[in-house]
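Start at 1 with the first residue, then count along the sequence. The model shown is predicted, which means the values in this text are computed figures rather than measured ones.
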Amino acid sequence: MHGYGPTPQQPTTPRPSQATLTAVRVILVVVTVLSCGLLGWAAMLRLAIVTRRPRDWILLVVVALLNGGLFVFIMATPDDPDDMSDAAAVVLFLWLVGVLAGVITYYLYAEIRHYSSLGSPPTPSLPSPYAATAPVHPAPLPYQQQHLVQPQPQPRPQPNPYTVQTPPLTPTPAPQRLDQVRAELDELSDYLRKENKEHKEHREGEGR
């Protein structure tokens, strides 16, 4: 009892080689010719077993009956050919030629056609080293839910209203720098005062 899987295939009979088939055909044809058609049933039996068709089995029976009748007719004829009538000789000749030609022709035609329909025997082919290999994809892993960790915003520092903000300290000039500036200003004022005095005296001298 088979389950739901694939049904087992029937083993096929391997096809014989061409040399074997040729040898078998030659042997059967030679036996049929040498026996004057009396062993023509052997070729037909071989054909019926190979093809397994009802028509070939029926023809095997017909050929066997013809061979049996031919054997009886030969036994009924006189041993001396001179005593055989012309009609009996014609019938015997046509009987022999008909059986020989019919059996050999049909046997060769049917067997060659049968094996031609099967095709030539498959020859094993070696894999080509240059054949492109298909990329192998890894098997899909089972689905796993990934929890994404979202970054939390960090709180900004709030200014404390109770803290006393100290003003920035300004650097105080050094005392020496102040004294130097003051001395330069005094010299500049003295120079300007002197220039004004000389200019006034010069104008008074020109007025006189």
Margin query: Would you compute the distance between atom CG of Leu45 and atom CD1 of Ile49 and round it to the nearest 0.5 angstrom?
Written below: 4.0 Å
Item checked: Heavy-atom closest pair, residues Tyr107 and Leu28 -> OH-CD1, 3.1 Å
Next item on the list: Establish whether Ile74 and Leu100 are linked, either directly or via other cluster members, by ILVMFWY side-chain heavy-atom contacts under 4.5 Å.
Entry: no
Check: Roughly how far apart are Arg25 CZ and Thr20 OG1, rounded to 0.5 Å?
Finding: 10.5 Å
Next item on the list: Indicate whether the side chain of Tyr106 and that of Asp56 have a donor and an acceptor atom separated by less than 3.5 Å.
Entry: yes
Next item on the list: Supply the atom-to-atom distance Leu59 CG to Arg53 CZ, rounded to the nearest 0.5 angstrom.
Entry: 9.5 Å
Margin query: I need the His114 NE2 to Arg52 CZ distance, nearest 0.5 Å.
Written below: 8.5 Å
Next item on the list: Examine Val103 and Ile27 and state if one hydrophobic cluster contains both, with Ile, Leu, Val, Met, Phe, Trp and Tyr joined whenever side-chain heavy atoms are less than 4.5 Å apart.
Entry: yes
Next item on the list: Please check if Leu70 and Val62 belong to a single hydrophobic cluster, counting links between Ile, Leu, Val, Met, Phe, Trp and Tyr side chain heavy atoms closer than 4.5 Å.
Entry: yes
Notebook entry, point to check: What distance do Phe71 atom CZ and Leu66 atom CG have between them, rounded to the nearest 0.5 Å?
Noted result: 15.5 Å
Item checked: Same apolar cluster (I L V M F W Y, side chains within < 4.5 Å links), Val97/Trp95 -> no
Checklist line | Leu108 to Val29 - nearest heavy-atom pair and separation | finding: CD2-CG2, 4.2 Å
Note to self: With a 3.5 Å distance limit and no angle check, can you tell me whether Ser189 reaches the backbone of Asp186 through a side-chain donor-acceptor pair?
What the structure shows: yes
Next item on the list: Kindly give the heavy-atom pair with the smallest separation between Leu60 and Trp41, and that separation in Å.
Entry: CD1-O, 3.3 Å
Notebook entry, point to check: Are Met75 and Leu38 co-members of a hydrophobic cluster defined by side-chain heavy atoms under 4.5 Å apart?
Noted result: yes
Item checked: Flag if over 12 foreign heavy atoms under 6.0 Å of CG, Asp86 -> no
Next item on the list: Quick one: closest heavy-atom pair of Phe73 and Val91, and the distance?
Entry: CZ-CG1, 4.2 Å
Note to self: Exactly one of Val99, Leu92, Leu94 should register a side chain to side chain contact (heavy atoms under 4.5 Å, CB included) with Leu96. Which one does?
What the structure shows: Leu92
Item checked: Heavy-atom pair of closest approach, residues Ser35 and Leu39 -> OG-N, 3.1 Å
Note to self: Looking at every non-hydrogen atom in both residues, tell me the closest pair between Glu111 and Leu47 and how far apart they are.
What the structure shows: N-CD1, 3.7 Å
Note to self: Rounded to the nearest 0.5 Å, what separates atom CG in Leu21 from atom CD in Gln18?
What the structure shows: 5.5 Å
